[in-house]
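This report refers to the structure that appears directly beneath it.
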There are 4 protein chains.
Amino acid sequence: MSVNTYGHLFRVTTWGESHGPALGATVDGCPPGIPLEPAQIQVWLDRRRPGQSRYTSQRREADEVEILSGTFESKTTGTPILLMIRNADQRSKDYGDIAEKFRPGHADITYWQKYGIRDHRGGGRSSARETAARVAAGGVARAALEQLVPGLRINGYMVAMGDREIDRGRFDWAEIDRNPFWTPDAKSAEDWAPYLDGLRKSGSSIGAIIEVTVRGCPPGLGAPVYGKLDADLAAAMMSINAVKGVEIGEGMAAARLAGAENADEILMGTDGPEFDSNHAGGILGGISTGQDIVVRFAVKPTSSILTPRKTITKAGDATEIVTKGRHDPCVGIRAVPVAEAMAASVILDHFLLDRAQTGGVRGRIG
Amino acid sequence: MSVNTYGHLFRVTTWGESHGPALGATVDGCPPGIPLEPAQIQVWLDRRRPGQSRYTSQRREADEVEILSGTFESKTTGTPILLMIRNADQRSKDYGDIAEKFRPGHADITYWQKYGIRDHRGGGRSSARETAARVAAGGVARAALEQLVPGLRINGYMVAMGDREIDRGRFDWAEIDRNPFWTPDAKSAEDWAPYLDGLRKSGSSIGAIIEVTVRGCPPGLGAPVYGKLDADLAAAMMSINAVKGVEIGEGMAAARLAGAENADEILMGTDGPEFDSNHAGGILGGISTGQDIVVRFAVKPTSSILTPRKTITKAGDATEIVTKGRHDPCVGIRAVPVAEAMAASVILDHFLLDRAQTGGVRGRIG
Amino acid sequence: MSVNTYGHLFRVTTWGESHGPALGATVDGCPPGIPLEPAQIQVWLDRRRPGQSRYTSQRREADEVEILSGTFESKTTGTPILLMIRNADQRSKDYGDIAEKFRPGHADITYWQKYGIRDHRGGGRSSARETAARVAAGGVARAALEQLVPGLRINGYMVAMGDREIDRGRFDWAEIDRNPFWTPDAKSAEDWAPYLDGLRKSGSSIGAIIEVTVRGCPPGLGAPVYGKLDADLAAAMMSINAVKGVEIGEGMAAARLAGAENADEILMGTDGPEFDSNHAGGILGGISTGQDIVVRFAVKPTSSILTPRKTITKAGDATEIVTKGRHDPCVGIRAVPVAEAMAASVILDHFLLDRAQTGGVRGRIG
Amino acid sequence: MSVNTYGHLFRVTTWGESHGPALGATVDGCPPGIPLEPAQIQVWLDRRRPGQSRYTSQRREADEVEILSGTFESKTTGTPILLMIRNADQRSKDYGDIAEKFRPGHADITYWQKYGIRDHRGGGRSSARETAARVAAGGVARAALEQLVPGLRINGYMVAMGDREIDRGRFDWAEIDRNPFWTPDAKSAEDWAPYLDGLRKSGSSIGAIIEVTVRGCPPGLGAPVYGKLDADLAAAMMSINAVKGVEIGEGMAAARLAGAENADEILMGTDGPEFDSNHAGGILGGISTGQDIVVRFAVKPTSSILTPRKTITKAGDATEIVTKGRHDPCVGIRAVPVAEAMAASVILDHFLLDRAQTGGVRGRIG
């Protein structure tokens, strides 16, 4: 991860501001010969798009992706893929107040301090709108993974909103796409709807916990000791706006366990090694085990709320601010497709890294 | 972070295995003219060294560092600094059993699957012994920070062991160096001693939570949106052996908060902006705010325990394993100086990155 | 240099194919607060633009650059700058024949062998059209250098065409912009015009030697021993289409000299050290000396000529090919602004690298 | 190439000064399972070692390499390989005069200006002694290539010394190892001996041209458009001390050719495409064609000569200097094994890069 680029070999550079003419991703290092049409990317962008339910920002954006380079006759050529999304509904007037004041909990003050200049319109580069570019790039990664690692599936979903957690006994993969919260627990979805309606109406906001599971990942991906698969996933998730914590497998709760509880015992299955539990979250020593990879992260509540908050102006004067723009009462919802995209990019990147060094050959067991 | 190297500009490559002749770090990109003698590095290594209390591995290592290049007349020259630590007490016989069996919870099986070959002696490259090299490199970073950012202080400490958490009301910076757990809470230190003695005698182990605070960090460090200071800190901590979760500021608990509770209000102080709380952990939009930077992470319990555990052999046969080597009942203890070293390297790296792009000038407020 | 990106800190990723909808550059790491408007970039693109004299390709392209991100109120913000140039005159029919045949001297066969797919239209990614993106990015580098290193000047010019070399006794900086060959020797310009007319009419082509001089570069830029300023300049020039050799200062001729002839003696001037000659081309040990930096490179003749050439088809059958597209009889001419742009990017990049490591402070002499 | 590291995936960081305790290379990214013993590296170091004939520096160094990490039971494990060479014969007294004076043609003045500190003993980091580390790393690359690309051969040799060039009609591969100049032309070797003896005795020095040929390189290696195989080779050679020019294939002479003379015609051979000439030097569009890869570079004459030269002191005073240390009358001789090592590292690196992106599959012809 380096300034505006992530990935070792599958390298994604995102560019663009919330209220500029366009934003997008420049994707380098994609394998050649991968079938790729805009529709394959659009499907993921549509999941992230604002304004789809009453629980997300009412900004209206088509978020239509254009592929400006890197494909020929609907296949990737191995050259850079430029993905562009035009900004349509920019409504800059909504943001007039924030030109001079720093919004608490936002990057306004730090961008100003670091750069001495900032595009305040809609948060400029630090807007969550930047994540649309990641989702587009993730679409390319997904297309490549479909060819290179058939059977691999990446699913993100919400496991907690505020202090309300899902009941894992009711976990249903099929439920995820059926509710506006991307939660696998139908009962939670029912429960969260009126709760979030209340927060939205009162102009408040709430945090959430998102989990991403990668099923069907082969063993051997990950580059110890600093390009560990878990370290790269942690950086990828932490780079998403508003994320404050990242966990792999047992996560922070691992601190409470004894050695005998935590280490997953190894058995011999018909197709190779198996484990009798997955506290490790599918990663040992930074390398995938072949089990499900489980990453979890916390999204803080939007700081853009209707309650007046104390702050200062660029001139250093004390003042108050109320953020009137169109915002999400729970930004965690829209973090779900973003996290899936980041996971897809990291997995593809490590697939390529591993293929480079080992040729994809695995050490034999049995 | 890239395979065995971390850092954008202050680049550290660690090398070496647990039972090879030596291990160390190759440090590139250090500013020139920094006073640096082995003793400045040794002081940090001595904190990490095993065998210092009955709570850490009884392996006896002097962990004496040699500087083989990059300094002249006790100052850095701007060329690569080679730090070497010889392995003394290797006692390979202790590890005979693990040549053929994979230890649950360890990287044995994944290294084998990925590489088709592994140095099983003491865990080889995946041994916690590798972290000595990080601590040495961190000593160089500290020496540079002392010159470049006077007043900056980096402190790691333990805030929980198993389900026992410190009482933050008793937090005392001076206490940290007085007890074998590096905890700021004297009462917890007393309480944890018999608890860990019990675990040690029974051959069991326990997880822990470590926190690192960076005081005196100037605002403006961090490179959004993918070289964010928090993303790089997350990767740095997650790359430490046995870490399963990383938090910045409020961390995972941010998910439970409402917007008005979470966003830190901004006030004007005599020396510039101040905040009335620090839920953000000193970082907004990936850039330091000038507040204390707070990073926290969970260390899982050592998987090397005396309880027999089910596993398989390289031949694929089911078996059991008991790890008889010299191990730490709570590896979290020795993670403290390692985490400080990683934090020092990341902060210095971002200081250099920021100086490159902005010249170190800050946007004016007031 | 890494696949489609160059630069350590000022990082340019170019994207786009000759006959796709657009091409451009994604520029990351530019310092903030630099005045930047499209016109500042357009002026350089206009120099490279085809169809300006009868000596360059008759393809008609406006080569109008759009800035899609990274500036606010006509200043850079420190975030990625996306530069886009739409392809207008694509005339794909001209290239029908090359879909199945490999043009000798072109990258057709190697792209096919490596990727198993290629956009044959106009050479796709390997077309010299890609260099427009470099020129645009170089315009950003120039704008930044103007602020950061006032007085620095970068000039490219042609010193030989075929076996006709300029007479350095007639070297005139002002002449460079006055003739279609960018040569500093008016007499050569006169002489080359009918010579190149003849080649153009016969459908032939010729090679050339281009030199770039950087005046006003401060001492201390360059990062030994592998990010040497000369090594980075060599890679930058060698990456330009059709370049087959690169020289610094005395270049290949240094092989013919004795030690006493080659080493530039050092004198003390009023403003610091001076040298009584510049065989070194302004670089010693990979670091700038403060003298003029002199880089020279050879451009091979276009392989697209009207003479029938033996080749094979994708099916492996022997055949002949005549390239009928619109081509430059001496591509070296258009390499001049490209080389200037590459030099500007490398110098800015090393300015930032040096500022990171040393803070820009210089060792004192006298 | 980045400060003290080269390579994208096969990454070599060299460290160490001429008169420090040791120097070496930290090699990351080597494929696992490659047979590797010190003797395989020593054989190449012995070729570069000073003091072997009367034509090279009389400094006596065993240059014995130790492998401190990264192998197990004489095979690489995929973890970093630390190669260390102790400095034995340092004789610092010889260099006393250069502590205060800057040697013309050396990096003394630029290191001082950039870093404000320098290890003057024997040139410190800028000494040609650093190249021993490259040769060692190249030995690792060779060992890997032997397994991954059987049949690939890399040979360096001298083609000109001063204004004396070899006669290519007498080119004999077997001759290269038989004379102290590594030249393939026995007649030239005879001729050069008395010539260089004369220069040596008079305390003078002379430049040279070295060529490296890679035979048996598969097509498809190289990563356009900035990680081109020729761009990476150019940077690799230009990074060698004293190199001032680099050529691929026809090189600078390509400027003199017409299109019909320069482009290599393509024929269909029994094993795939063939070319009727090799002006391209085995690389088209930055990608290998399968033909011999031909790189050539000029080495300037050593600036360490007995003739007094004008220079200045650190205090800025005018003075003279005579370099009395033990030096090579033609440093080009010892550049031969260094260039081979750099070529080996670049080729392996690109083999890995290509395997990552394409899986090593080639587009079919015929």
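Below, all heavy atoms of this structure are taken into account, side chains as well, without hydrogens, waters or symmetry copies. Proteins come first, then strands; the chains are lettered A, B, ... in the order of their sequence lines, and each starts at number 1. Everything numeric in this text was worked out from a predicted model, so none of it was measured.
- Looking only at side-chain heavy atoms (C-beta outward), D:R121 and B:F72 come within less than 4.5 Å of each other.
- Comparing D:G78, D:P80, D:G33, D:G16 by heavy-atom pairs within less than 4.5 Å of chain B, the highest count is held by D:P80.
- Remark: the B:S74 side chain and the B:E37 side chain contain an N/O donor-acceptor pair separated by less than 3.5 Å.
- Heavy atoms closer than 4.5 Å to chain B are found in both the backbone and the side chain of D:D119.
- Using a 4.5 Å cut-off between heavy atoms, B:S2 touches chain D through backbone and side chain atoms alike.
- None of D:V140, D:L82, D:V27, D:L36 except one satisfies the side chain to side chain contact (heavy atoms under 4.5 Å, CB included) rule with D:I67; the exception is D:L36.
- D:W15 places a side-chain heavy atom less than 4.5 Å from the side chain of D:T26.
- Interface check for chain B: of the options D:K114, D:R11, D:K75, D:E73, the most heavy-atom pairs under 4.5 Å are formed by D:R11.
- Comparing D:D28, D:T76, D:T71 by how many heavy-atom pairs each has under 4.5 Å with chain B, the most go to D:D28.
- Looking at B:R118, the atoms closer than 4.5 Å to chain D (heavy atoms on both sides) all sit in the backbone: N, CA, C or O.
- B:H350 and B:H8 have perpendicular rings, their planes meeting at more than 60° on a 0 to 90° scale where under 30° would count as parallel.
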